[in-house]
A.B. asks: 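Below is one structure. I have some questions about it.
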Protein chains: 2
Amino acid sequence: MRAFQNEDRASLRPDHPSPLYHQLYALVKRKIEGGDLRQGALIPAEKDLAQFFGVSRITVKRALDDLESEGYLSRHRGRGTHVTYKYEPKVLRAPLDSMLDSLAVMGRETQVKLIDFARVAPPPYVVDGLRLLPDQWVDRALRVRSSDGLPFAHYTSWTVPIGPGLTQEALQSSSRLDLFRRLGVHLKDVDQVISAIAADTTLAQRLVVRAGDPLLQVTRISSDQRGRPIDYLVGVYRPDRFQYHMKLSASDVLVRGKR
Amino acid sequence: MRAFQNEDRASLRPDHPSPLYHQLYALVKRKIEGGDLRQGALIPAEKDLAQFFGVSRITVKRALDDLESEGYLSRHRGRGTHVTYKYEPKVLRAPLDSMLDSLAVMGRETQVKLIDFARVAPPPYVVDGLRLLPDQWVDRALRVRSSDGLPFAHYTSWTVPIGPGLTQEALQSSSRLDLFRRLGVHLKDVDQVISAIAADTTLAQRLVVRAGDPLLQVTRISSDQRGRPIDYLVGVYRPDRFQYHMKLSASDVLVRGKR
DNA sequence: CACTATTTGTCCGTATGTATG
DNA sequence: TCATACATACGGACAAATAGT
């Protein structure tokens, strides 16, 4: 019973609209996916779990049965319930302090698919972010990045018109960063905000997750040499396949933390 | 009915374990809190909503009644249902390249509450991260940080025993960073991973969100002068109240992006 | 081999919650 | 508001598989 702490007890709430068996299911699943319960680990007996969480054995059984049917557990009479899910955090990790959607950073093993490219009227927050005039149009690109054929990132980018170089054909064969460079646009300032959102049905479909699943979101506004914002990028990432990673050494911690 | 798109239709799933009235309740609440439905806006009639979402009128009524009782809506016979919730987005933004849980960075307007402090056997991923011996115990602290009385961050930290200075009393009066400093522990390297997770029931309760809501997660392993990891911190943040923010200038983009 | 304790599988009856028309 | 159907949750009882003595 060591894997289940006292704090887990309080997290099962009978008055909550979500059914008890599903709350317990989610709790155990998270412990498995998070690495608290690893392959081969023995789950306490239904009787013990029921007593510990103050629910009936049927409720525990339903939760564990659901996890078994999804391949997380294996259950046998007399033998008990064991974890079969193999925990291995296999995520791409990008250094945070660099241009994240460049192939050089990502490595060569990822592919980008252009979903849509069109000149559109930008939404209000893009108008604000890029400091556009009321009726100015921009080029919007929707892209999905995959690794080993599995999508892990969705980009929506709005770019102010910067000459004839940024076309659908060019985007399909080159990275945006390369295109910028070729067009003589050198990014000087990058303003970046990191947050989390729930997947809507569109994003869920494109990233092959369920609607409502948590996603990592990075909003980035890039400006050129003269400080004019030219690109507004919203990147959305599957947290199980992609995470941001950064190392800080002493000088960074002290100097950069001082401001 | 303009506020409710076709996408929303599919997000109500009868086969999902959570009851329909609660799924609808959550959907409308998110639209209100997200600013899609603002103060004064008229919600479509129960009959229309029921038809649109393919559920019974009673289900719609239950969802709207719950929102009314929480102060999001006002409902009157003959007048319809109107939004009373006042939308104002106010998020704290912390620079990413600094020690995020120090008061100096956060500003003085936040308060930390110590929920629990105990010497425990660490979970496997902490054993790995801190390179601990199999039976070594560590000090675990659970804390919640609030701004204006509203919680926005939850920290779980595991610290290797570093002398008698790290006690419950000390933690309640000083920041962990100050304590480290006083104990002669100088953090040299910080290894940081940013991701997103769904709130479990415990986190949901402590951060006053719903279970399943997306949260920003930062995992940080800090090491001392000799490169020995001494602290494993998992910070979880409400994305509507806290976001990471960073500015990169040209030299950063070029030099730091090169590695 | 039997015997026993443990653990999961299956079934019953009942009460409450959810959702429909 | 009512009747109906189904899902959830409980306590209890017994059967079947497994592991150890």
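The chains referred to below are lettered A, B, ... by the order of the sequence lines, with proteins before strands, and numbering in each begins at 1.
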A.B. asks: With sequence neighbours excluded, what pairs up with A:Arg79 under the salt bridge (Lys or Arg N to Asp or Glu O under 4.0 Å) test?
C.D. replies: none

A.B. asks: Got a sec, which residues hit side chain to side chain contact (heavy atoms under 4.5 Å, CB included) with B:Leu27, two or more places apart in sequence or on another chain?
C.D. replies: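 In terms of side chain to side chain contact (heavy atoms under 4.5 Å, CB included), with neighbours along the sequence ignored, B:Leu27 is linked to B:Phe4, B:Asp8, B:Ser11, B:Leu12, B:Lys31, B:Phe53.
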
A.B. asks: Excluding sequence neighbours, so at least two apart, what forms ring pair (Phe, Tyr, Trp, His ring centres under 6.0 Å) with A:Tyr72?
C.D. replies: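 Expected list: A:Tyr85.
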
A.B. asks: With sequence neighbours excluded, tell me which residues meet side chain to side chain contact (heavy atoms under 4.5 Å, CB included) with B:Ile58.
C.D. replies: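 Residues passing side chain to side chain contact (heavy atoms under 4.5 Å, CB included) with B:Ile58: B:Ser56.
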
A.B. asks: What is the nucleic acid contact for A:Lys47, judged by heavy atoms within less than 4.0 Å: base, sugar-phosphate only, or nothing?
C.D. replies: nothing

A.B. asks: For A:Tyr21, what residues pass the ring pair (Phe, Tyr, Trp, His ring centres under 6.0 Å) criterion, not counting sequence neighbours?
C.D. replies: none

A.B. asks: B:Glu68: what forms a salt bridge (Lys or Arg N to Asp or Glu O under 4.0 Å) with it, not counting sequence neighbours?
C.D. replies: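 Salt bridge (Lys or Arg N to Asp or Glu O under 4.0 Å) check on B:Glu68 returns nothing, list empty.
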
A.B. asks: So where does chain A start and stop touching DNA chain C, 5' to 3', when the test is distance under 4.0 Å to a non-hydrogen atom?
C.D. replies: C:dT6 to C:dC11

A.B. asks: Residues two or more places apart in sequence or in another chain: which of them pass salt bridge (Lys or Arg N to Asp or Glu O under 4.0 Å) with A:Asp65?
C.D. replies: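 Salt bridge (Lys or Arg N to Asp or Glu O under 4.0 Å) check on A:Asp65 returns A:Lys61, A:Arg75.
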
A.B. asks: For A:Val236, which of A:Thr219, A:Leu216, A:Leu203 qualifies under side-chain contact (heavy atoms from CB on, under 4.5 Å)?
C.D. replies: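 Passing option: A:Leu203.
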
A.B. asks: For A:Arg30, check side-chain hydrogen bond (donor to acceptor under 3.5 Å, both in side chains) against everything at least two apart and list the hits.
C.D. replies: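 If we apply the side-chain hydrogen bond (donor to acceptor under 3.5 Å, both in side chains) test to A:Arg30, skipping adjacent residues, the hits are B:Asp200.
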
A.B. asks: Could you run through nucleotides 1-16 of chain D and give me one letter per nucleotide, 5' to 3': B if any protein heavy atom sits under 4.0 Å from the base, S if only the sugar-phosphate is that close, - if neither?
C.D. replies: -------SSBB-B--B

A.B. asks: Can you sort out the partners of A:Asp66 under salt bridge (Lys or Arg N to Asp or Glu O under 4.0 Å), two or more places apart, ordered by chain and number?
C.D. replies: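 Counting only residues at least two positions away or on another chain, A:Asp66 forms a salt bridge (Lys or Arg N to Asp or Glu O under 4.0 Å) with A:Arg62.
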
A.B. asks: Can you tell me which stems involve DNA chain D, if a stem is defined as three or more consecutive Watson-Crick or G-U wobble pairs, both distances under 3.5 Å?
C.D. replies: C:2-21 with D:2-21

